Protein chains: 2
Amino acid sequence: MLKISDFARLGQVSMRTLRYYDEIGLLKPVQVDTLTGYRYYAVEQLTRLHRILDLKEMGFELAQIVQLLDEQVTPEQLRVVLQQRLAEVQQQILIEQERQARIEARLKQLVLDGQQTSYEVVLKRLKPQLVAASRTTAPSVTLQLRFARQMLQFLKDSGVKPGEHILLLTLDANGGEGEGSLVEVAIPVEGSSLGNIVERSGGHITIRELPAVTAATLLYRGDPYGLSEVYQSLATWIEAHGYAVAGPYRHLLLQYGDEPEGCLTEVQLPVERKEGGTSRLFFHSGRRPAGTESGEKRAGRSCLPPVASLKA
Amino acid sequence: MLKISDFARLGQVSMRTLRYYDEIGLLKPVQVDTLTGYRYYAVEQLTRLHRILDLKEMGFELAQIVQLLDEQVTPEQLRVVLQQRLAEVQQQILIEQERQARIEARLKQLVLDGQQTSYEVVLKRLKPQLVAASRTTAPSVTLQLRFARQMLQFLKDSGVKPGEHILLLTLDANGGEGEGSLVEVAIPVEGSSLGNIVERSGGHITIRELPAVTAATLLYRGDPYGLSEVYQSLATWIEAHGYAVAGPYRHLLLQYGDEPEGCLTEVQLPVERKEGGTSRLFFHSGRRPAGTESGEKRAGRSCLPPVASLKA
DNA sequence: CTTGACTTTCACACGACGGCAAAGTTTATC
DNA sequence: GATAAACTTTGCCGTCGTGTGAAAGTCAAG
C-alpha cells in the first residue's frame, strides 16, 4: 500500500492530479480509509496510470480515457477512435502551420515595410449570400453608386427587404476603373418574397447566390477605387502567405456618401491555397512532397525559406 | 452608429464575443447609452476588430493583444514578440507531430498484435538522480538482490537515508542474465550527509548522479529478468516510434520478494530520436510499407555507451 | 507530547467564450 | 396607443486539467 505522495512520485504525476483522477473515477485508490479519507494505492495501479498517461499524451480527454479503459473496447472500436483522434491531430497541425506561416509573413512584412502599417489584411470565410444582382459598365464609382441606389429603391418598391450595404463585384481584371470595366452591383436580400423581381425589372436584375469563399479582406476609408496601395497590400499579403486568387474582387461598401472621405469599404479578394512549389506546407510540415528523398537533412524548421520563392 | 448585432455581423464575430471584448477593454464601443446600457459601434472600429482577429489567429492571448494594440509598440518590439510567438508555435507543432507519431504507431501495433495488449509502454522523462552505486557480476537476480540488500543495510548503518527502491543498470547487452553480465546496483540517496560512504565501503560504493534521460518504460509483474516479451515490446515500440536506444537498461524494482510473482519492475530504456533514414518523419510520409526492415531492429550493443563512460 | 511531515476537503483561478434566463428596450404592426 | 416581436442588457454557470493556496485533521519520529 502506497500513500498518495509515494504513488505520485512513482507515476511522475502530482498529488493534485491523482486526487482529481479519483474524483472523476479515472483512477481510484484500491483503498480509502473511511475515517481519515486517506487514499492508499497499490503498486499494480501504476499499470493503469501508465495507460492513462499514454492516452493523455495522445491528446485524449480524460472523460474519453475513462471510457476507453473501463468499458471493454474491441480492437476494432479502438482503431476507429484512434483514427478519429489522428484526424483531429492532423487538423490541428495544419492550423498551427497556418499560424506559423501567418507570423512569418508578418515578420517579413515588418522588415520590408519599416513603418508602414498596412497590416489590416484579414482572412475571412464568407458565407453564401443571396443577392439581387445587375451588371453595368458605368465607368466611375459615382455612377455605379447611383445605379446601385436606383436598384435599392426599386427593390424596396417591390416589397423586398434589402440589406443596407452594397457589394460591387469587379468582373474583369483591371481594378474596376476605366472604360471597359464590367461591374456587378449586388445587394443582399432575404430569401423570402422576392417573387417576380426578375420579371418586373425586365431581366436586368437577377437573383443569385454568391458562393461561399475564403477571402483576404482589407478595410479602408476613402474612395472605393483608386487606391492602388490597397490592392498592392492584398497582393503582397496573399503572395507572402502562399495563396492564389480564386475569384473576382468584392467591394463591400459599408458607408458611402458624396465625398470620398465619407466612404468606408471592405475589399474582399477570394483566395485559395496555392498548390505549387512555394506552398507553406512544403517548408513547414517537416515532410517532403512525393518524389523527394528524405534523410539528407531535416526539413529546415528554423531556417527561412528562400526569399526568391516568396517574391511577388 | 451600429448596434451590436450589426457590428457583429460585419465583423463575423458573435455578440457574446463583442461584449467580452468590451469587458476586458479590448474593443470598447464608441458610445454606450448610459440609461439602457446599449452598446453602439462605429464602422471604423472594424479596423481594430480586424487587427484583433489577425493577432488572435496568430495565437496571441487577448490580454497580450490589448498590450500590442494600446501601448504603442515599436517595430522592433513587435518583431521580438512575433519571434517569440513563432517559436512557441513551432514548439507546439513538434508536440502535435509527436502525438501523431504516437497514434500512428499504436494503430500499426493494433494491426500487428491483434489481441496482444502489450501497450503499456510509456515515454518518461527521468530526472537526474543521485545514487549510491556499486557493480557486480552476480549472475542471478537473487544474488543481485542479496547484494542490493546488503548495500541498503550498509547505507542505513552509515546514517544515509536511502530510497526504498532499487535500480539495476544493465551495463552490457545480453539482457542482464548469464555469466559475464555486469550489473550496477544503484540506490537513490539524498544529497545530504553521505560524507564518507565511499571511503567506508572501501571504494566499492560510489556516489554518482544518474543522468536525466528520456526513457521508454514498461511496468510488469514477475521475475525482473527473463521476460523476453518485455524487451521485445520495448524494442518494437521504439522501432515503431522512431527512437533509438540511448543508454543502458534501468530496472526499477518497485516490489521484490522471494518468489517471482511478488516482484514488480519498471524497465526503463533511455532513448533518443533517431536521425537516420527510418526517422518518424520518413515513416509517416506514407511511403514506408507496413513491413519493416529488420536489420537493426534490436539496436542492442552498438548503441550502448561504453562502460567507461558511465563512471562518475 | 510535541514537532513536523503528511493528508484531507474546500475554494478560487486560469482563457475565451457558449448558453440560458430574467428583465428591460426598441421597432413594427395593428 | 397598444401589443407583439425582435433586440439588448446583466449575470451566472460550464468548460478542462490542473496550480495554488487555506484550514483542519492524521501519522511517524524523537
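Quantities reported herein were computed from a predicted structural model and do not represent experimental measurements. Worth knowing before you read on, the calculation uses all heavy atoms, side chains too, and leaves out hydrogens, waters and symmetry mates.
Checked for salt-bridge contact, A:R51 and A:D54 miss the test: no charged N lies under 4.0 Å from a carboxylate O. Salt bridge B:R99/A:E88: absent, no basic N to carboxylate O contact under 4.0 Å.
Phosphate contact (OP1/OP2 of C:dA16, side-chain N/O of B:T17, threshold under 4.0 Å): absent. An OP1 or OP2 oxygen of C:dG18 is reached within less than 4.0 angstrom by a side-chain nitrogen or oxygen of B:S14. Side-chain N/O atoms of A:R39 include one lying less than 4.0 angstrom from OP1 or OP2 on C:dT8.
Comparing B:S5 and A:D33 by the nucleotide of DNA chain D whose heavy atom lies nearest to each, the residue mapping closer to the 5' end is B:S5. In terms of position along DNA chain C, the nucleotide closest to B:K56 lies nearer the 5' end than the nucleotide closest to the other residue of the pair B:Y38 and B:K56.
Separating the CD atom of B:E88 from the P atom of C:dG15 is a distance of 14 Å, rounded to the nearest angstrom. What separates CZ of B:F60 from P of C:dC17 is a distance of 16 Å, to the nearest Å. The distance from atom CD of A:E57 to atom C1' of D:dG17 is 15 Å, rounded to the nearest whole Å. When the C1' atom of C:dT26 is taken as reference, atom CE of B:M1 falls 17 Å away, rounded to whole Å. Atoms CG (B:D6) and P (D:dA6) sit 16 Å apart, rounded to a whole Å. Summarising the geometry, the separation between CG on B:L2 and C1' on D:dC7 is reported as 15 Å, rounded to the nearest angstrom. We find that CD of A:E61 is positioned 12 Å from P of D:dT18, with the value rounded to whole Å. As rounded to whole Å, 16 Å separates atom C1' of C:dC10 from atom CE of A:M15.
A donor-acceptor pair shorter than 3.5 Å can be found between the side chains of A:E96 and A:Q92.
Here B:L254 pairs with A:L10, A:V43, A:L46, B:H165, B:L219, B:L252, B:L264, B:E266 under the side-chain contact (heavy atoms from CB on, under 4.5 Å) rule; sequence neighbours left out. In this structure, the side-chain contact (heavy atoms from CB on, under 4.5 Å) partners of A:R19, at least two apart in sequence or on a different chain, are A:I4, A:M15, A:R39. For B:K28, the salt bridge (Lys or Arg N to Asp or Glu O under 4.0 Å) partners at least two apart in sequence or on another chain are B:D22.
Listed for the A:T214 side chain is no donor-acceptor partner under 3.5 Å among the backbone atoms of A:V271. Formation of a donor-acceptor pair under 3.5 Å by the A:Q12 side chain with backbone atoms of B:R125 is found in this model. Judged purely by atom type and a 3.5 angstrom limit, A:R79 has no side-chain atom pairing as donor or acceptor with the backbone of B:L107. Checking side-chain atoms of B:Q45 against main-chain N and O of B:A42 turns up a donor-acceptor pair under 3.5 Å. Without hydrogens or angle criteria, A:Q84 side chain to A:V81 main chain gives no donor-acceptor distance under 3.5 Å.
Helix bend of the helix from C:dC1-D:dG30 to C:dC30-D:dG1: the angle between its two end axes, each built from five pairs, comes to 30° after rounding to 10°.
Among the protein residues, A:L62 comes within range of the sugar-phosphate backbone only, with heavy atoms under 4.0 Å from sugar or phosphate atoms but none that close to a base.
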What pairs of nitrogen or oxygen atoms, one from the protein and one from nucleotides 28-30 of chain D, lie under 3.5 Å apart?
none

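Of the listed nucleotides (C:dT7, C:dG19, C:dG24), C:dT7 has the atom at the smallest distance from the side chain of A:I4. Comparing D:dT26, C:dT25, C:dC17 by their nearest atom to the side chain of B:R16 picks out C:dC17.
Atom CG of residue B:L110 and atom CD1 of residue B:I103 lie 12.0 Å apart, to the nearest 0.5 angstrom.
Taken residue by residue, residues 19-28 of chain B places heavy atoms nearer than 4.0 Å to DNA chain C at B:Y20, B:Y21.
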